[in-house]
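Notes for the one structure printed next.
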There are 2 protein chains.
Amino acid sequence: MSTAPPAPGSAPTGTPADSAGKPAESEASAAADAPQSEPTARSPAETRELVEAIEWLFFAYRDFTSDPDEILHEYGFGRAHHRVIHFVGRHPGITVADLLNILRITKQSLSRVLKELVGQGYIVQKTGTKDRRQRLLYLSDKGMEMERRLAGPQRERVAKAIAAAGPEAQKAWCAVLAHLVNEDDRRAVEALISNGYVS
Amino acid sequence: MSTAPPAPGSAPTGTPADSAGKPAESEASAAADAPQSEPTARSPAETRELVEAIEWLFFAYRDFTSDPDEILHEYGFGRAHHRVIHFVGRHPGITVADLLNILRITKQSLSRVLKELVGQGYIVQKTGTKDRRQRLLYLSDKGMEMERRLAGPQRERVAKAIAAAGPEAQKAWCAVLAHLVNEDDRRAVEALISNGYVS
DNA sequence: AATATATGTCAACATGGCTGACCTAAAAAT
DNA sequence: ATTTTTAGGTCAGCCATGTTGACATATATT
């Protein structure tokens, strides 16, 4: 997706996210005000590599989201729409509550884009059978076509990047990404991602 | 930084970006409308791994940007401020034009946050010596302290993720990230990142 | 029958993108 | 020396997409 997760970080939307900067933090640094665990001591070299890794993430995310953003513009949509289209596409029949949990936005924000997508026929809603309060969400044919257009260039970009980085890069890449996710959420996200290949 | 690159992808402030979704694209897929190169044919298994990698990036970015976002809130700032603070911190004396090129936003947008940061004493400006039209940007002591507070938790997160993924993960991780950046910009970004460790 | 849940909706507001027009001072070109 | 270009700023307004709070409805659950 071309999203920069909500405001969290943005940045490049996404809005890619923001990173960190600067030299060898004197002890005073991060512990200054936050009730967090003391920052692990690191050598200047380690700090430097860390800062560089963070900046690469910023720039990578900035460009990663640029392809879909352009396409979305043709439709008059934004990143928020892409996120919804993506997750509905990957989890046909997903509920509004699940979507809210994934996107970490308010129902009012979701409502706005969802209304547009349903109104213009990209997403269809069906009343849940087990629980009739639920609105199960599906892509229409039109929605699937848009989803494919959005996904195409982004997958191409990621595929090339992984290929260029060598054969074993994919596992390492995903492992780091997984460990960037909050520990509390990691198992749930993993379940979501691996069971998501519905059809 | 907690940015989600501009809208591009958007999100957690690191705004996280949007990803892609869905099953084994029938040939028609991404080439449908875009004048791009034909999407490389991929097996369902390859597609699946690709989609999963993209989703991990979304969730990783979402959480990656969450730490600074909270701290920024204390100051009454947003991700946009973090991005500026970060790059000024890492490139003392950076010009407005360079910053615009990195952030890929308009000068009016940058102006808004820069004005606040300068007004509240987090950033100081000096007139360029070679070219007196330039305003060279530096963090004040106050700005450096904020920068350290913002960077701390984010570095901690990345350091732990890399450590958890194994020793050689860092190189692979950065290699993939570098190749996600637009090819045209890659060399410039690399130069920026590696010469950035100024002090 | 009472309560809790899933979802929707109205209204108002904040942030941070954007465009367009226009201004100044300094550098570079003629 | 005059003109043009460049670095930067500024005003005004718009748009996308977050937020909070209050309230409504239908269905499940107790």
- prompt: Would one find more than 12 heavy atoms of other residues, nucleotides or ligands at under 6.0 Å from atom CD of B:Glu70?
  reply: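 No, not enclosed.
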Separation of [N] [atom2] from [X] [atom1] (nearest whole Å):
X        : N      : atom1 : atom2 : answer
A:Leu103 : D:dT19 : CG    : P     : 10 Å
A:Leu99  : C:dA6  : CG    : P     : 15 Å
A:Asn101 : C:dT5  : CG    : P     : 16 Å
A:Leu137 : C:dG8  : CG    : C1'   : 13 Å
B:Leu72  : D:dG18 : CG    : C1'   : 15 Å
A:Arg104 : D:dT20 : CZ    : P     : 14 Å

NZ/NE/NH1/NH2 to OD/OE distance under 4.0 Å, [X] and [Y]:
X        : Y        : result
B:Glu52  : B:Arg48  : yes
B:Arg104 : B:Asp185 : yes
B:Glu147 : B:Arg90  : no

query: So, does A:His91 use its side chain to make a donor-acceptor pair with the main chain of A:Val88 at under 3.5 Å?
result: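 Flag not set: sc A:His91 to bb A:Val88 has no pair under 3.5 Å.
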message: If we count only N and O atoms by modelled type, under 3.5 Å, do the side chains of B:Asn182 and A:Arg62 hold a donor and an acceptor together?
response: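 Checked: B:Asn182/A:Arg62 side chains show no N/O donor-acceptor pair below 3.5 Å.
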query: Which comes earlier along DNA chain D counting from the 5' end, the contact point of A:Leu110 or that of A:Arg132, where each point is its nearest nucleotide?
result: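 In this pair, the answer is A:Leu110.
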task: Have a look at the helix from C:dA1-D:dT30 to C:dT30-D:dA1 and give the angle its two end axes make, five pairs each, rounded to 10 degrees.
output: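 End axes: 30° apart.
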- request: Kindly state whether the ring of B:Phe58 and the ring of A:Phe87 have centres lying under 6.0 angstrom apart.
  value: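 Close enough - the centres of the two rings lie under 6.0 Å apart.
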- prompt: What is the per-nucleotide protein-contact pattern of nucleotides 6-17 of chain D, from the 5' end, where B denotes a base atom under 4.0 Å from a protein heavy atom, S denotes such proximity for sugar-phosphate atoms only, and - denotes neither?
  reply: BSBBBB-----B
- prompt: What pairs with B:Ser140 under side-chain hydrogen bond (donor to acceptor under 3.5 Å, both in side chains), at least two apart in sequence or on another chain?
  reply: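 Applying side-chain hydrogen bond (donor to acceptor under 3.5 Å, both in side chains) to B:Ser140 gives none.
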message: Is the phosphate of D:dG18 approached by A:Thr106 (side-chain N or O, under 4.0 Å from OP1 or OP2)?
response: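 So the side-chain polar atoms of A:Thr106 never come under 4.0 Å of the phosphate oxygens OP1 or OP2 of D:dG18.
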task: Say whether A:Leu117 and A:Val124 are linked into one hydrophobic cluster, either directly or through other cluster members, by side-chain heavy-atom distances under 4.5 angstrom.
output: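 No; tracing contacts between hydrophobic side chains, which count when under 4.5 Å, never links both residues.
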